[in-house]
Enquirer: 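What follows is a single structure, and I will ask about it in a moment.
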Amino acid sequence: MPLHVSPAPAPALRSVLAALGSPTAVREAHTPALRSVQGSMSPELPLPVHVLDRIAPHEAAPLTRLAGWRFLIRGKERAVAAADTMLTADGWTFSHFFEGPYIVSTEIAVRQAESSTTHYQPRLLSIPELYMLTLWLHRDTEDDAGAGALAPNDVLVPLAPAPPGITPHRPHRVADLLPVMTLRVTPAPLPGLLGTPA
């Protein structure tokens, strides 16, 4: 399999397992699909969630920050929800359960990536400026999954729902997608400024 999934920090996994084992945590989650599962559930496919806080037009390798680890929660036949963990002063801890279109979209993007012949380390990349989430396929499979910058030859797969004009599940090299994202966040000049006709 060309995807090299990095193991999540052990405390992050333990915190999700504890939450899944807590009837209160499951019952109080805003996830009807999670509450409706009959039988056991298991956390799978741990992915580090990175955030790109600022899209810079001429930055060759934009830096990201690690925001947490996400696990897909699988029932008998499919992923029904996800669990996020976050780093606190006391270490990794469970944050919350959630459901929605990104669960299915993540599974689709991962299946696509698994059919590739190129080896990747999968991550998730959140781009708040565009309200966009992508599967980030990092080329250096030996890198620490919690660190690193976007390399120009890494691949981003926008998850659905994607921003207008960006097709979900279509893989893009970072070097190709970054200029498109830059155009979307660069405000148009105001009339009368910098020589723009009023």
Enquirer: Should Arg139 and Asp154 count as an ion pair when the cut-off is N to O under 4.0 Å?
Expert: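 Salt bridge flag = no for Asp154 with Arg139.
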Enquirer: Should the ring pair Phe97 and Phe94 be called parallel, tilted or perpendicular, given that the plane angle runs from 0 to 90° and is split at 30 and 60?
Expert: tilted
Enquirer: So how far is it from His169 NE2 to Arg111 CZ, rounded to the nearest 0.5 Å?
Expert: 9.0 Å
Enquirer: Over all heavy atoms of both residues, which pair between Ser15 and Thr93 is shortest? Give the atoms and the distance, please.
Expert: OG-C, 3.4 Å
Enquirer: Quick check against the 3.5 Å criterion: does Ser126 have a side-chain atom that pairs as donor or acceptor with the backbone of Val51?
Expert: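 No, the answer is negative, given that no donor and acceptor are paired below the 3.5 Å cut-off.
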Enquirer: Check whether any side-chain heavy atom of Val80 lies under 4.5 Å from a side-chain heavy atom of Arg74, and answer yes or no.
Expert: no
Enquirer: If you take all heavy atoms of Met41 and Leu34, which pair is closest and at what distance?
Expert: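 Minimum heavy-atom separation between Met41 and Leu34: SD-CD1, 3.3 Å.
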Enquirer: With rounding to the nearest 0.5 Å, note down the distance linking CE in Met181 to CG in Leu130.
Expert: 6.5 Å
Enquirer: Considering only heavy atoms from C-beta outward, does the side chain of Tyr120 approach that of Glu114 to under 4.5 Å?
Expert: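 With C-beta onward as the side chain, the pair stays apart.
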Enquirer: State plainly whether one hydrophobic cluster holds both Val5 and Val157, where clusters connect Ile, Leu, Val, Met, Phe, Trp and Tyr through side-chain heavy atoms under 4.5 angstrom apart.
Expert: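 Val5 and Val157: one cluster.
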Enquirer: Output yes when Arg35 and Glu99 qualify as a salt bridge under the 4.0 Å nitrogen-oxygen rule, no when they do not.
Expert: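 Salt bridge absent between Arg35 and Glu99.
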Enquirer: Spell out, yes or no, whether Val49 and Leu45 are grouped together once hydrophobic residues are joined by side-chain heavy atoms under 4.5 Å, including indirect joins.
Expert: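 Linked within one cluster.
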Enquirer: Between atom NE2 of His119 and atom NE2 of His138, what is the distance when rounded to the nearest 0.5 Å?
Expert: 15.0 Å
Enquirer: After noting the C-alpha distance and the side-chain angles of Asp140 and Gln121, does the key distance pass the side chain to side chain contact (heavy atoms under 4.5 Å, CB included) rule?
Expert: CA-CA 7 Å; Asp140 188 344; Gln121 180 192 83; over 6 Å; no
Enquirer: Does the side chain of Leu47 reach to within under 4.5 Å of the side chain of Trp69, using non-hydrogen atoms?
Expert: no
Enquirer: Going by salt bridge (charged side-chain N to carboxylate O under 4.0 Å, His left out), name the residues that satisfy it together with Arg173, two or more places apart in sequence or in a different chain.
Expert: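 Scan of Arg173 (salt bridge (charged side-chain N to carboxylate O under 4.0 Å, His left out), adjacent residues dropped) gives Asp176.
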Enquirer: Less than 4.5 Å apart, side chain to side chain, heavy atoms only: is that true for Ile73 and Pro43?
Expert: yes
Enquirer: Taking Val104 as the starting point, is it possible to reach Leu133 by hopping between hydrophobic residues whose side chains are less than 4.5 Å apart?
Expert: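 Different hydrophobic clusters.
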Enquirer: Is a side-chain N or O of Ser105 found less than 3.5 angstrom from the main chain of Pro101, in a donor-acceptor match?
Expert: no
Enquirer: For the hydrophobic clusters of this structure (ILVMFWY residues joined by side-chain heavy atoms under 4.5 Å, transitively), does one cluster hold both Leu87 and Leu17?
Expert: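 Both belong to a single hydrophobic cluster.
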Enquirer: Any side-chain heavy-atom pair from Pro158 and His172 closer than 4.5 angstrom?
Expert: yes
Enquirer: Got a second to check how far Leu72's CG is from Arg70's CZ, nearest 0.5 Å?
Expert: 8.5 Å
Enquirer: Return the minimal non-hydrogen interatomic distance between Val174 and Leu156, and the atom names on each side.
Expert: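 In this case the closest contact between Val174 and Leu156 is CG2-CG, 3.8 Å.
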Enquirer: Please name the pair of heavy atoms, one in Ala149 and one in Leu63, separated by the smallest distance, quoted to 0.1 Å.
Expert: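 Answer, listing the atom of Ala149 first, then Leu63: CB-CD2, 3.7 Å.
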Enquirer: Ignoring hydrogens, what is the shortest heavy-atom contact between Thr118 and Pro2? Give both atom names and the distance.
Expert: O-CB, 3.0 Å
Enquirer: To the nearest 0.5 Å, what is the distance between CD on Gln112 and CZ on Arg170?
Expert: 11.0 Å
Enquirer: Compute whether any side-chain donor of one residue and acceptor of the other, for Thr64 and His50, lie under 3.5 angstrom apart.
Expert: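 Yes - a donor-acceptor pair under 3.5 Å links their side chains.
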Enquirer: Applying side chain to side chain contact (heavy atoms under 4.5 Å, CB included) to Leu124 and Trp136, what does each step give before you reach the verdict?
Expert: CA-CA 5 Å; Leu124 291 172; Trp136 172 10; over 6 Å; no
Enquirer: Taking C-beta and beyond as the side chain, do Ser42 and Glu44 meet within less than 4.5 Å on heavy atoms?
Expert: yes
Enquirer: Return the minimal non-hydrogen interatomic distance between Ala8 and Phe71, and the atom names on each side.
Expert: CB-CZ, 3.5 Å
Enquirer: Could you list the donor-acceptor pairs under 3.5 angstrom formed by side chains in residues 159-167, with sequence neighbours left out?
Expert:
none

Enquirer: Walk me through whether Thr134 and Met132 qualify under side chain to side chain contact (heavy atoms under 4.5 Å, CB included).
Expert: CA-CA 7 Å; Thr134 71; Met132 181 176 172; 3.6 Å; yes
Enquirer: Are Leu135 and Leu3 joined in one hydrophobic group, where the rule is that I, L, V, M, F, W and Y side chains link up if heavy atoms are under 4.5 Å apart?
Expert: yes
Enquirer: With rounding to the nearest 0.5 Å, note down the distance linking CG in Leu125 to CG in Leu137.
Expert: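 The distance works out to 11.0 Å.
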Enquirer: Has Thr31 got a side-chain atom pairing as donor or acceptor with Ala33's backbone, closer than 3.5 angstrom?
Expert: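 Side chain of Thr31 to backbone of Ala33, a donor-acceptor pair under 3.5 Å: no, none is there.
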